[in-house]
**Student:** 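Let me begin by handing over the structure; questions about it come next.
Numbers restart at 1 for each chain; the letters A, B, ... are given by sequence-line order, proteins then strands. What you see below is based on every heavy atom in this structure, not just the backbone, and it leaves out hydrogens, waters and symmetry mates.
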Amino acid sequence: MILHPAVLALLAASLTTGFMMLYAGWYGVQIVSRWDIRSGSELQLSLERRTYLISTILSYVLVFQILSLFLFIYTADHLHTLFAGAMCAAGTLNANGYGYPLLVMKIVNFLLAGLWLIVNHADTRGYDYPLIKVKYTLLLAMAPLVLLELFLQFGYFTGLHADVITSCCGSLFSQEKPGIGGDLALLPAKPMEAAFYAGMALTAAAGITFRRTGKGGWLFSAASTLTFAIAAASLVSFICLYFYELPTHHCPFCILQKEYGHVGYALYATLLGGGVTGLATGALMPLRNRGSMARIIPPLQRRLAAVTVLLYLLFTLIVACRMLFSPFRIGG
Amino acid sequence: MNRTIERHRHIIDFALSSLLRRKGKNLSLLAVYVLIVFMIGSVMFFIQALKREAALILQGAPDMVVQRLVAGRQDLIPVGYGDKIGAIRGVSGVRPRLWGYYYDPAVGANYTLMAADGDRQAPGTAVIGSGVAATRRLAQGDFLTLRDYSGEPVLLEVAGIMPYASDLVAADLIVMAESDLRALFNLPGGSATDLAVAVRNPRELATIAAKIARQFPDTRPILKSEILRTYDSIFDWRGGMVVVLLAVAVLSFVIFAWDKATGLSAEERKEIGILKSIGWETGDVLLLKFWEGTVISLSAFLAGVILAYGHLFFFSAPLFEHALKGWAVIYPRFRLTPAIDAYQLAVLFVLTVVPYTVATIIPSWQAATVDPDAAMRS
Amino acid sequence: MIELVQVSKSFNAGKANQFTAVREVSLAIAPGRVTVLKGPSGSGKTTLLTLIGCMARPTSGRIVLRGIAPASFAGPDGTGEIEITSLPERFLTGIRRTTFGFIFQQFNLVRGITVLENVMLPAYPTGEAHGSVRRRAMELLELFNVGRHASAPVDRLSGGEAQRVAIARALINDPAIVIADEPTAHLDTGLSREFMEIAGSFKAAGKTILIASHDPIVFDSPLADAVVEMRDGRVTRGGSAP
């Protein structure tokens, strides 16, 4: 195993998050089974007090997830010099079979934690904690996913041995190689461009409609989530090409490096942020008719929709500017 | 929005006054916290600086070095190989290098002896590194005595001492004429220790290395990138080892922080009860505790980083240098150049502030859920 | 108006030291009047005050607030009638902060900070601008003749001065209801009468006053509009029918 301090930091942080989720999950079970808002008994009071702790823990979990996601990518990038044939984070992640699943898990957990906090925010505004059981069931679903991430992370780092020959992102993301990296690059650029802009436009339109009239929430959420996937695929398929000005360099991690002005951070921050808020809008839809939520959730959803549209707009702007002003053009 | 900012501002205000009211407890916590950040920070910055130095120095190293292996060990390589390698397409030049190690029993140190290029060094003279000069107490004009392969003494006049600035590579170095070196070690003519190969297009390095290995199966081409990788690994590993050892310290710190946080004095408990009875929610008290923790963390982090920086770059890390530089008799003295970036700070943050924060989550919550009617009954 | 219906409060339920402080109390507190809770110590007065003042939740029974709609809080059905029994702590505290002002028996001022800060404390979490809170706090301190102590630490005040500071603190959020628990316990006769005059001025300002006391100066005062007697957690006289 590579005993780099950053690796130790990531493992320690993961372990801590895992324990916190287990602790939260344990109390989550109690809350789901014994909660009764109408009772003034001491058990109920102590459960209510306990929910403050769980919310605090989940807030910290979200912050740690964000931190560790970016730290993880940066570390993978940093360590690429230890692997022959690896030019950036993509090569490091490919060094063993755990790398990419781990990245996917980290993103999933980040999205879920963000979702939980938004649902929690809605719940605390209601007079009778109407979403309490929903929240804690979601928590119980998240706990095993966090533990899975922990397991993958340990597997990944203990399986990392320097000097292992990996395929550099050039060959990983090139057209010929099979496997997910290759598939994404295979998506032809022009249609992807069209799909990307269409997805963004649809999301923006649905979002503005929803914000004005309150109708079409499901459509908006579906559009934003679909656009999230399209944008992620587009990053590999054609967006990166404009930043690197090379028709064959498809790696989505090199844009995080200094040479490209760390623009990758801006792109990922806006995309991930918009992804969470768009997803949350949809998740809140079925909860609208629970008691006091009828007055709390719609305004909250409107705000989330606005945030999503704004973030996606920013993302599109960065991409479009680059596409317009770069001398590079995709041939064909 | 304004309301939220004002709320935070007020609570930060109260958090600061609250911290100042319990100076003893908070100062002792701060002291330990700063120590932890300082120790881990020193280690991390040191490793980073070493890696940077190694990379900088290796910039001048040849892209590829070809060694010959006999029975798995390095042996002399015929210069004739070099001529043939020079004919490979893409190779721009081959330079045979002649060098070796010399063990000096008087001081128990190993010197690196190197043949100067061409006629740069007159026979009978040598340029030595400052480490050699120091251990053998030699000045310019003195004579350096070495023993050759048969035990006969060989005298070399010290023509110069390498500057201190080159210590990292040259502390134990002795540069002499090629004829002197061959005579000292009884090296046959037409042989070299290894061949330095320069290549026109760096992307072809791997391909050319493969060709050389195929053409001369008894050789081992080593790429500069591989050397860099190995150095990085070693330094990372060393750094990691020390961090693992410091994990015990971090754990103790976490327990200490937990203890401080849970140990609410009766006075503190009463104060929180009062706050809650006059209209502060649990969320407000949690925010108060959060800001208290943040103020302490940020102060400790800042102070620890500054102290680590000073320890390292003004005093060259006397506390850790032996563990991190490796064991040797002649240590190069060198001043490290500062190399701290946001990434380092982020990792340091995760290793120090995160454990502290996690340790205080539950105690903060316990403090915040003090019942207000406890205040009524005092 | 505050209405209590069959309210009970027990502590340590199910354990050996279970203790019921308030038993099936039904009570109606009229708005704009001074109501005094009278009874010996241990009769449950203090607990009842914490229940009315949204500081604790009853173990059983209902408490309803009528005609009291703090600006930042709208009732679930907008009628201005709020049942606070099963409100989560967040909302309870919100109501308490804006509707109730507490004066404690022990004054409960925070030691180590100035008088002015103490008075401003209840307004901190509301996010109101610092300047306006400070102004109001100074006005209140002047009103009760303790303005000159504004920057002094609270430890140096005399009993009477501390109580005035406590009163000023209770009024910082301009509450509609003022609750005082044994306010005259640490005061001599002169200061006690002064306190009742201050209470009268609140009433004149339209506030509802609720005082728990076993001091005759309080419950025999002409200002007391209603006297509720309590013993062993029950109301013995002055309560409303369940």
**Student:** Counting only non-hydrogen atoms closer than 4.5 Å, does B:Thr282 touch chain C with its backbone (N, CA, C, O), its side chain (CB onward), both, or neither?
**Tutor:**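 It is both, since atoms from each part get that close.
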**Student:** So, for C:Ile95 and C:Cys54, which heavy atoms are closest and what is the spacing to 0.1 Å?
**Tutor:**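 The answer is CG2-SG, 4.1 Å.
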**Student:** Centres of the B:Tyr309 and B:Phe45 rings: under 6.0 Å?
**Tutor:**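 Ring centres of B:Phe45 and B:Tyr309 not closer than 6.0 Å.
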**Student:** Side chain, backbone, both or neither: which part of C:Leu109 has a heavy atom under 4.5 Å from chain B?
**Tutor:**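 Looking at C:Leu109, just its backbone touches chain B.
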**Student:** Out of C:Pro122, C:Gly127, C:Gly101, C:Ala123, which one racks up the most heavy-atom pairs below 4.5 Å with chain B?
**Tutor:**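 If we count pairs closer than 4.5 Å to chain B, C:Gly127 comes out on top.
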**Student:** Please output the side-chain donor-acceptor pairs of residues 149-157 of chain C that fall under 3.5 Å, not counting sequence neighbours, one pair per line with the distance.
**Tutor:**
| from | atom 1 | to | atom 2 | distance (Å) |
| --- | --- | --- | --- | --- |
| C:His149 | NE2 | C:Glu161 | OE2 | 2.8 |
| C:Asp155 | OD2 | C:Arg111 | NE | 3.3 |

**Student:** May I ask you to decide whether C:Lys207 forms a salt bridge with C:Asp174, counting only side-chain N to carboxylate O separations under 4.0 Å?
**Tutor:**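 Judged by the 4.0 Å cut-off on N to carboxylate O distance, C:Lys207 and C:Asp174 do form a salt bridge.
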**Student:** Tell me yes or no: between the side chains of B:His10 and C:Glu128, is some donor less than 3.5 Å from an acceptor?
**Tutor:**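 The criterion, which ignores hydrogens and geometry beyond distance, is not satisfied for C:Glu128 and B:His10.
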**Student:** Examine whether an atom of B:Leu275 lies under 4.5 Å from a heavy atom of chain C, and if so say whether it belongs to the side chain, the backbone or both; otherwise answer neither.
**Tutor:**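 The side chain, not the backbone.
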**Student:** Kindly say whether the aromatic ring centers of B:Trp258 and B:Phe253 come within a distance under 6.0 Å.
**Tutor:**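 No, too far apart.
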**Student:** Taking atom types as modelled, is there a side-chain donor on B:Thr262 or B:Gln366 under 3.5 Å from an acceptor on the other?
**Tutor:**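 Judged by distance alone, the side chains do not pair up.
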**Student:** Taking heavy atoms only and a threshold strictly under 4.5 Å, list by residue number the residues of residues 131-138 of chain C that touch chain B; give 'none' if the list is empty.
**Tutor:**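 If one takes a 4.5 Å heavy-atom cut-off, no residue of residues 131-138 of chain C lies near chain B.
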**Student:** Taking B:Lys276, B:Glu6, B:Arg9 one by one, which has the highest count of heavy-atom pairs under 4.5 Å against chain C?
**Tutor:**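 Going by pairs under 4.5 Å, I would pick B:Glu6.
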**Student:** Report the relative orientation of the aromatic rings in B:Tyr33 and B:Tyr356; use parallel for angles under 30°, tilted for 30 to 60°, perpendicular for over 60°.
**Tutor:**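 Ring orientation of B:Tyr33 relative to B:Tyr356: tilted.
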